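Shown next, in structure tokens, is the structure this report addresses.
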Amino acid sequence: MSDSPKTLLLVDGSSYLYRAYHALPDLRNGEGLPTGAIYGMINMLRKLRNDYPAEYSACVFDAKGKTFRDDLYPAYKEHRPSMPEDLARQIEPIHEAVRALGWPIVMVEGVEADDVIGTLAREASAQGVRTVVSTGDKDLAQLVNGEVTLVNTMSGEVLDPAGVQAKFGVPPERIVDYLSLIGDAVDNVPGVPKVGPKTAVKWLTEHGSLDAVMAGADGIKGVVGENLRKTLDWLPMARTLVTVKTDCDLGAAVSDFHSLKDVGEDKDKLVAFFSRYGFKTWLRELTGESLPSLRAQAAKGAGARAPQAQGGLFDSAPAATPADPVPAPDAPPAETRYETVTTEAALQAWLDRLAEGALVAVDTETTSLDPMQARLVGISLSLVPGEACYIPVGHCGPDVAGIEQHGQLTREFVLERLRGWLEDPARPKLGQNIKYDAHVFANHGVTLRGIVHDTMLQSYVLASHRNHGMDSLAERLLGIKTITYEEVCGKGASQIGFDQIDLARATEYAAEDADVTLRLHRAMFPQLQAVPGLEHVYRHIEMPVSVVLQKIERNGVLIDAQRLAEQSAQLGQRMLELEQAAYDAAGQPFNLGSPKQIGEILFGQMKLPVVKKTASGAPSTDEEVLQKLAEDYPLPKLLLDYRGLAKLKSTYTDKLPKMVNPATGRVHTSYGQATAVTGRLASTDPNLQNIPVRTEEGRRIREAFIAPPGRVIVSADYSQIELRIMAHISGDENLLGAFARGEDIHRATAAEIFGVEREAVSSEQRRYAKVINFGLIYGMSAFGLAGNLGIEREAAKHYIDRYFTRYPGVARYMEDTRQAAREQGYVETVFGRRLWLPDINGGSGPRRQAAERAAINAPMQGTAADLIKLSMIAVQDWLERDRLQTLQIMQVHDELVLEVPEAELELVKRRLPELMCGVAELRVPLVAEVGSGANWEEAH
DNA sequence: ACTGCTGCGTAC
DNA sequence: GACGTACGCAGCAGTG
């Protein structure tokens with residue numbers, strides 16, 4: 001063994017092509033040519049060159065031509081989809097780039113890349129040269145030994161013999177056996193049916209080798225044993241196919257690996273290439289245009305950033321929506337100065353700048369996406385576009401006392417120095433979804449105050465139907481391709497925490513976020529100010545409610561987990577009984593949770609009539625269908641009952657206890673404030689806006705939403721809010737009159753439609769009227785109404801006509817709204833919130849009709865959302881002003897739920913509905929109904 | 001194992 | 001195609 005063995009670096013180019021193509025977004029250069037795979041490939045080769053200095057290297061690609069495997073097994077790689085067009089167009093450019101970077105390319109006709117790599121690695125080993133193989137393909141793990149290592153450049157994973165053992169459960173020399181057993185679906189090489197990684201490892205561990213497994217096949221029980229015996233004849237062929245050859249004839253061109261030397265970059269070619277494909281950052285590096293020193297320092301050794309967008313990237317905005325400002329195509333790249341703050345002096349310098357009182361963009365990096373669990377890893381700040389700092393406080397390793405550790409200031413020290421500014425309501429702050437950052441600071445005992453702007457909410461108010469993520473906003477409005485979190489931390493199983501990222505790379509990413517947030521504000525806020533209604537919604541509804549939402553989320557709600565567990569047990573018991581009954585009715589067991597299997601039983605075996613089909617053409621088994629079939633057969637009813645119980649158990653009684661935060665003992669939902677296009681909130685993790693209420697069974701879940709001792713739950717909901725808004729907007733005299741007189745609105749509607757006195761309305765008639773009233777809000781057609789009521793379409797049309805005759809203002813409103821939507825491209829709420837409808841003119845028939853229904857619904861749903869948001873702001877303001885102990889804990893679209901000390905109960909029950917009804921003066925009275933109790937069910 | 005889609009069902 | 005806005009479950013197919 002030599003003191004310094006030489007290294008051969010082999011890149012499995014073919015496997016990386018696909019991975020780079022799929023992993024990266026659809027990048028294109030100025031000519032519209034796809035460049036994502038090219039970019040990924042160059043990036044990867046540069047990184048490899050840096051990480052693994054090698055005396056010899058090559059990039060290996062598959063070549064044309066049949067291989068020995070095709071001859072042995074004609075079905076080899078059959079069914080594999082052909083290469084996507086956009087990738088195929090990048091192959092030639094990739095070869096060109098690889099050559100320009102100085103890498104030898106090896107392609108041998110009739111030999112797969114894997115076999116080329118195997119052969120070269122073996123030759124190298126024979127001559128005492130180490131080999132590093134860079135690949136994303138697990139099959140090559142069979143090549144690993146003392147001299148050959150595998151590296152997955154995209155995940156950073158390095159596999160030596162111990163690594164292979166750890167990853168696969170078998171050593172490298174058993175990988176071939178392992179692959180033979182499980183097969184390779186991608187290459188269309190079958191293994192033993194029903195044998196996956198687990199079974200393969202188990203067998204190989206027990207018997208030692210594939211040969212031994214085959215020899216002992218008779219002793220293996222069960223279906224898998226049966227399958228193994230059936231496959232015995234095939235397995236030798238499978239082994240041959242999955243074995244990488246190490247003795248190929250590579251021809252004269254690559255007679256041995258000594259010829260595989262890096263010839264160095266061809267700068268002229270690279271310059272031409274980078275400019276042709278629009279890789280501006282790399283171009284700048286090559287042509288020596290220096291970057292600002294701090295920026296360059298931050299970028300050192302961390303790979304280049306993605307190329308800048310050049311115009312082809314911008315999705316074309318629907319004609320009717322506001323045009324995004326697009327930067328001039330030849331605008332010079334913005335210069336950036338990003339600083340990593342790791343000393344007391346540097347922190348003080350930033351504190352001095354903060355003291356000047358300008359608007360500051362704030363962003364936090366953390367350990368978790370869960371806002372209540374996230375721990376602070378670093379803070380970034382920006383006061384001037386292009387300039388930002390990153391203050392790391394939690395990178396690598398546990399906390400220790402003092403003001404400095406791991407080359408960073410400690411979290412306690414930084415937060416104490418920043419606390420005065422962070423908590424000062426007079427120091428204006430800006431963020432992108434700053435509600436999240438407020439939670440993070442709160443997790444460390446710091447109350448973020450002075451939140452005046454949020455770019456996510458600006459985007460939402462300007463165009464609620466578009467994306468509001470920072471990366472897409474930056475691209476759309478600034479023409480900047482930002483570093484994504486995924487690029488920094490990876491994704492899926494290989495994702496690592498931000499605290500693991502080195503400070504230079506972390507600064508690049510985090511400081512950019514603060515910088516970009518500030519720049520986005522400067523791009524969007526003037527647009528908001530240009531439309532008074534939008535500025536009003538932003539300033540007086542969205543920004544203040546954001547602060548309230550953060551408090552509500554933090555308050556959380558107390559859950560009686562014990563009670564839910566009991567319910568789960570009962571539900572599970574009854575499900576078992578239903579399951580058995582269903583098996584008996586069907587004559588065989590099947591998965592009751594699988595619509596597909598239900599369909600096979602009902603419509604395949606039992607030949608029941610197909611009532612309707614799903615979107616994909618399969619026979620539907622939804623509630624409506626089962627309901628109908630249940631009239632004539634017993635099984636559908638069992639399935640219906642089972643489904644109802646399964647839903648309750650899986651979604652609610654099992655799930656909610658798992659969502660209890662261990663630190664607070666309560667459930668903390670997150671309200672999405674920029675999710676629903678109409679202005680409504682959305683609740684996630686868990687969704688507390690769809691807790692059952694309609695059935696007796698479901699309502700029991702609400703009994704588990706409780707108050708702690710000495711407190712009660714109070715709930716107040718707006719009565720008929722959307723119909724009231726319809727009356728207000730339409731100005732229909734008849735409808736306004738009914739509300740003014742405080743009538744039961746469905747009864748009044750029934751009296752009008754059926755032409756009877758209020759007192760003479762039957763419950764059936766009232767039910768019809770209720771369905772019609774709801775249908776109107778949703779823009780329902782005669783067809784829909786007929787389906788819903790189970791009546792003829794003609795009859796439904798008759799009722800609708802009758803309705804519009806009695807409420808002509810409503811008919812006028814519907815038509816006016818469609819008209820306005822077509823002319824303006826948007827509709828508005830009473831408070832000026834806009835909903836853009838790109839399909840209202842441009843869309844195809846069905847899409848345009850859907851847009852028309854959305855146009856009719858949005859002003860009502862959106863105004864209701866505006867009203868309850870104003871209520872939440874007013875209620876929170878009142879509670880804090882009067883220093884009450886009452887907490888707001890939930891919002892469910894037209895309902896507010898509070899947790900109230902008994903001493904404040906009477907006050908809250910009186911004042912809460914007053915506040916809710918007083919937030920706006922409409923042409924109809926607003927009515928809120930309030931209730932209280934030991935749990936949500938009692939209060940509702 | 002992970003991802004994304006389908007089918008279904010819950011809320012207002 | 002036919003009723004608007006959401007979230008999330010289990011199953012399942014495709015992919016690594």
Side-chain angles (χ1 to χ4, degrees), chain A residues 15 18-19 22 79-81 136-139 152 155 184-186 196-198 464 491-495 591-599 613-626 639-640 643-644 646-652 654-655 669-672 675-695 698 701-702 717-718 721-722 771-772 774-788 793 796 835 844-862 864-865 868 891-895:
Chain A
S15 91
Y18 281 93
R19 302 196 55 183
H22 290 295
H79 308 307
R80 180 182 276 202
D137 187 347
K138 66 178 185 320
D139 297 5
N152 182 332
S155 67
D184 187 336
V186 178
K198 298 264 187 223
S464 68
K491 67 165 180 173
S494 59
Q495 187 172 31
N591 186 343
L592 275 72
S594 164
K596 192 181 163 201
Q597 293 187 30
I598 290 176
K613 297 196 169 175
T614 66
S616 62
S620 169
T621 68
D622 69 13
E623 183 183 352
E624 185 195 332
V625 169
L626 295 181
L639 296 175
L640 275 172
R643 275 226 186 117
K647 173 80 176 178
L648 291 178
K649 185 167 187 289
S650 66
T651 310
Y652 304 107
D654 283 352
K655 192 64 201 287
T669 187
S670 291
Y671 289 102
T675 304
V677 291
T678 54
R680 270 193 184 178
L681 300 176
S683 162
T684 56
D685 308 309
N687 181 356
L688 298 184
Q689 292 180 320
N690 71 345
I691 305 298
V693 71
R694 288 171 197 188
T695 64
I701 291 164
R702 294 192 172 217
D717 67 295
Y718 280 118
I721 185 72
E722 294 188 1
V771 172
I772 291 168
F774 278 114
L776 285 165
I777 293 170
Y778 300 145
M780 188 161 62
S781 64
F783 179 94
L785 182 64
N788 212 308
R793 199 203 306 202
L835 171 60
S844 60
R847 285 177 74 113
R848 198 181 61 246
Q849 285 171 3
E852 287 186 359
R853 293 191 294 273
I856 286 170
N857 173 257
M860 295 181 271
Q861 190 179 118
I868 196 151
Q891 188 257 43
V892 193
H893 307 307
D894 65 354
E895 175 187 10

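These figures come from a predicted structure and were not determined experimentally. In what follows, chains carry the letters A, B, and so on, assigned in the order in which the sequence lines appear, proteins first and then strands, with residues in each chain numbered from 1.
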Practice prompt. Classify the nucleic acid contact of A:K138 as base, sugar-phosphate or nothing, counting any heavy atom under 4.0 Å across all strands shown.
Written response: nothing

Worksheet item: Quick one: are A:T669 and A:N687 in side-chain contact, heavy atoms under 4.5 Å?
Response: no

Fill in: Distance in angstrom units between A:E624 CD and C:dA2 C1', rounded
13 Å

Worksheet entry | Nearest-Å distance once atom P is located in both B:dC8 and C:dA2 | 15 Å

Practice prompt. Using chain A heavy atoms and a threshold of under 4.0 Å, write down where along DNA chain B the contacts begin and end, 5' to 3'.
Written response: B:dA1 to B:dC12

Practice prompt. Under 4.0 Å between any heavy atoms, over every strand shown, what does A:I691 touch: base, sugar-phosphate, or nothing? Just pick one.
Written response: sugar-phosphate

Worksheet item: Of all residues at least two apart in sequence or in a different chain, which pass the side chain to side chain contact (heavy atoms under 4.5 Å, CB included) check with A:T614?
Response: A:S616, A:A618, A:S620

Worksheet item: Between A:L835 (CG) and C:dT5 (P), how many Å, whole number?
Response: 8 Å

Worksheet item: For A:K596, what residues pass the side chain to side chain contact (heavy atoms under 4.5 Å, CB included) criterion, not counting sequence neighbours?
Response: A:S594, A:E600

Worksheet item: Rounding to a whole Å, what distance do you find between A:Q849:CD and C:dA2:C1'?
Response: 8 Å

Worksheet item: With sequence neighbours excluded, what pairs up with A:K138 under the side chain to side chain contact (heavy atoms under 4.5 Å, CB included) test?
Response: A:F168, A:L179

Worksheet item: C:dC9 P sits how many Å from A:R643 CZ, rounded?
Response: 17 Å

Worksheet entry | Donor-acceptor under 3.5 Å (A:E623 side chain, A:L640 main chain) | no

Worksheet entry | From CA spacing to verdict: side chain to side chain contact (heavy atoms under 4.5 Å, CB included), A:L639, A:T621 | CA-CA 9 Å; A:L639 296 175; A:T621 68; over 6 Å; no

Practice prompt. Scan A:Y652 against the nucleic acid and name what it touches under 4.0 Å (heavy atoms): base, sugar-phosphate only, or nothing.
Written response: sugar-phosphate

Item to complete: Using whole Å, report how far CD of A:Q861 lies from P of C:dG4.
Response: 11 Å

Item to complete: Go through C:dC7, C:dT5, C:dC9 for me and flag the one nearest to the A:T678 side chain.
Response: C:dT5

Discussion item. Applying a 4.0 Å non-hydrogen cut-off, can you work out what A:R853 is touching in the nucleic acid: base, sugar-phosphate, or nothing?
Written reply: sugar-phosphate

Practice prompt. To the nearest Å, give me how far apart CD1 (A:I868) and C1' (C:dT5) are.
Written response: 15 Å

Practice prompt. Check side-chain hydrogen bond (donor to acceptor under 3.5 Å, both in side chains) between A:D654 and all other residues, then give those that pass, not counting sequence neighbours.
Written response: A:S568, A:K649

Worksheet item: For A:E895, which contact category applies under a 4.0 Å heavy-atom criterion: base, sugar-phosphate, or nothing?
Response: nothing

Item to complete: Measure the distance from CD on A:E722 to C1' on C:dA6 and round it to the nearest whole Å.
Response: 13 Å

Could I get a table of every N or O pair under 3.5 Å where one atom is in the protein and the other is in nucleotides 10-14 of chain C?
{"unit_1": "C:dG11", "atom_1": "OP1", "unit_2": "A:N591", "atom_2": "OD1", "d": "3.3"}
{"unit_1": "C:dG11", "atom_1": "OP1", "unit_2": "A:N591", "atom_2": "ND2", "d": "3.0"}
{"unit_1": "C:dG11", "atom_1": "O3'", "unit_2": "A:S594", "atom_2": "OG", "d": "3.2"}
{"unit_1": "C:dC12", "atom_1": "OP1", "unit_2": "A:S594", "atom_2": "OG", "d": "2.6"}
{"unit_1": "C:dA13", "atom_1": "OP1", "unit_2": "A:K596", "atom_2": "NZ", "d": "2.7"}

Discussion item. Between A:S670 and A:D685 (side chain of the first, backbone of the second, donor and acceptor by atom type, cut-off under 3.5 Å), is there such a pair?
Written reply: no

Worksheet, complete the sentence: Taking every heavy atom of A:P692 against every heavy atom of A:L648, the minimum-distance pair comes out as CG-CD2, 3.7 Å

